[in-house]
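These notes concern the structure reproduced below.
Whatever order the structure lists them in is the order used to number ligands and atoms, beginning at 1.
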Amino acid sequence: MLPRDGKSFRDILDHAEFALKSASGSQGCICAYEPSMHDSIIGNTEMEKALALAIEKNELHLFYQPKIDLATGKIMGVEALIRWIKPDGTIISPDVFVPIAENSHLIGKISDFVLNEGCRQNKMWQKMGYPNIVMSINFASTDFYQTDLKDKVFEALAKSGLDAQWLEVELTETLALSDVNFAISQMNKLRELGVKLAMDDFGTGYSSLSYLQTLPITLLKLDRSFITDIEHDNIAYEIVSAVIRIAKSKKIETIAEGIENQVQESILRMAGCDYAQGYLYGKPMPPSDIQKFFEENAKI
Ligand code: C2E
Ligand code: MG
Ligand code: MG
């Protein structure tokens, strides 16, 4: 609005651009210009440039966090979690750069890397003689809504030689819900390839049990926020065990995220949860460390 948001028509247009950039990502809202947007956008643009360079210089790496079968204690999979490792060794967390990548074309490059590297690494472990495990990768909503998604996944599998049953894609519910019908058709296409589908962070947002009915998922990941309280909070326990029961009746497997102690583990095992992931077993680690983990775990 003139003159509040700028002195001239030109200023107003520029500032409207700023507001538009700040709003992208948040859906269905009206976003007005504020002077503070300059700082965050200029900060993000700097970060975007640095990130683009980091991708070219191969500074992005995958760390792997083990997923454990609660019935046997054996590792059944790993989740690939991206890290930006600067030349001086500083590690930047995905919470910092993934949202910025999501607001630019960079997320596509990152996801291509994660998909191809995850498949390559898993096939390599199979060739090295480690027991077969499922590689889970995270997709952002912009990736998931690409019409060539199935082709890209198919190509990554073909190129690496990895069988589809050893790849799992993790999706969040907000992602699935932006356009439910399209999401279901995308999910079915991935299922046709034989790839597994997990619903990540279940229990945050507006998780509805009806998703278990409508979405073709194979695994439900119970969010860490439920697990943290499960020892003390009876309601959290009741919710988790009800969700596990319902998932089971739909032949959907369950995994608990963020298990940090043995008490949480035994509660979840009693509730019928299939798998577990969390610092109790291992933090996300570089390939050489997870290979040591495989070797130790094989002795159990
Ligand atoms: P997420 O997919 O829900 O990943 C789980 C996060 O929980 C990871 O954080 C992991 O380090 C952390 N975590 C696991 N076990 C425990 C535990 O016992 N205690 C605690 N306090 N935390 C635990 P991370 O690696 O920082 O990743 C954060 C988020 O960034 C991920 O959440 C995921 O949404 C996103 N992300 C990571 N890698 C990628 C990627 O390659 N592509 C995309 N699109 N997103 C990614
Ligand atoms: Mg995940
Ligand atoms: Mg999660």
Side-chain angles (χ1 to χ4, degrees), residues 25 51 54-55 59-68 75 77-85 90-122 134-146 149 152-153 156 167-176 178 196-205 207 217-231 254-265 268 273 275-286 289-290 293:
L51 184 58
I55 298 174
E59 287 175 17
L60 295 189
H61 298 271
L62 291 182
F63 275 29
Y64 301 93
Q65 188 176 32
K67 296 181 174 189
I68 302 297
I75 184 166
V78 291
E79 177 171 5
L81 293 156
I82 198 157
R83 298 289 181 269
W84 174 2
I85 307 180
T90 336
I91 299 184
I92 303 182
S93 134
D95 291 332
V96 177
F97 67 87
V98 167
I100 289 168
E102 280 181 318
N103 280 328
S104 69
H105 66 288
L106 295 173
I107 193 69
K109 286 193 178 175
I110 293 182
S111 304
D112 285 348
F113 163 72
V114 174
L115 171 65
N116 284 287
E117 177 58 13
C119 290
R120 187 203 62 81
Q121 180 65 83
N122 202 16
V134 176
M135 169 70 64
S136 308
I137 59 171
N138 293 279
F139 266 169
S141 65
T142 33
D143 312 318
F144 188 67
Y145 284 91
Q146 302 293 318
L149 178 77
K152 283 200 166 152
V153 173
L167 179 68
E168 179 173 75
V169 173
E170 295 193 359
L171 310 162
T172 59
E173 108 202 38
T174 19
L175 181 160
S178 337
K196 295 186 163 69
L197 286 180
M199 168 123 312
D200 206 352
D201 306 336
F202 190 81
T204 57
S207 312
I217 50 169
T218 47
L219 178 78
L220 192 71
K221 297 194 81 176
L222 300 159
D223 190 66
R224 179 158 59 92
S225 55
F226 280 117
I227 312 307
T228 318
D229 293 339
I230 206 159
E231 298 155 77
T254 47
I255 182 165
E257 302 184 295
I259 297 211
E260 293 185 357
N261 65 53
Q262 230 106 44
V263 180
Q264 293 167 339
E265 184 197 74
L268 281 150
C273 188
Y275 310 117
Q277 179 179 357
Y279 294 171
L280 177 64
Y281 315 100
K283 293 194 172 179
M285 49 191 124
D289 291 354
I290 194 90
F293 188 97

Just let me know how [X] lines up against ligand 1, side chain, backbone, both or neither, with a heavy-atom cut-off below 4.0 Å.
X	result
D201	side chain
L280	neither
K221	neither
R224	side chain

Task: Salt bridge E168-K67, side-chain N to carboxylate O under 4.0 Å - done: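 A salt bridge links E168 with K67.
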- [ ] Only heavy atoms count here, so choose which of Q277, Q65, E257 is nearest to atom 15 (N) of ligand 1.
- [x]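 Among Q277, Q65, E257, the closest heavy atom to atom 15 (N) of ligand 1 comes from Q65.
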Closest approach of any protein heavy atom to [atom], naming residue and atom:
atom	answer
atom 41 (O) of ligand 1	V114 CG2, 3.3 Å
atom 38 (N) of ligand 1	I82 N, 3.1 Å
atom 27 (O) of ligand 1	P94 CG, 3.5 Å
atom 12 (C) of ligand 1	Y279 OH, 4.4 Å

Task: N/O/S atom of E257 inside 2.8 Å of the Mg ion (ligand 3), strictly under - done: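 So E257 counts as coordinating the Mg ion (ligand 3), yes.
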TODO: May I ask you to check if any N/O/S atom from D223 comes under 2.8 Å of the Mg ion (ligand 3)?
DONE: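 Within the cut-off used here (under 2.8 Å), D223 places no N, O or S atom near the Mg ion (ligand 3).
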TODO: May I ask you to check whether D201 brings an N, O or S atom to under 2.8 Å from the Mg ion (ligand 2)?
DONE: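 So D201 does not bind the Mg ion (ligand 2) by this criterion.
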Task: Min heavy-atom dist E102 to ligand 1 below 4.0 Å - done: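 Outside the 4.0 Å threshold, so no.
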- [ ] Output yes when a protein non-hydrogen atom is found under 4.0 Å of atom 9 (O) of ligand 1, and no otherwise.
- [x]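 Not a single protein heavy atom is under 4.0 Å away.
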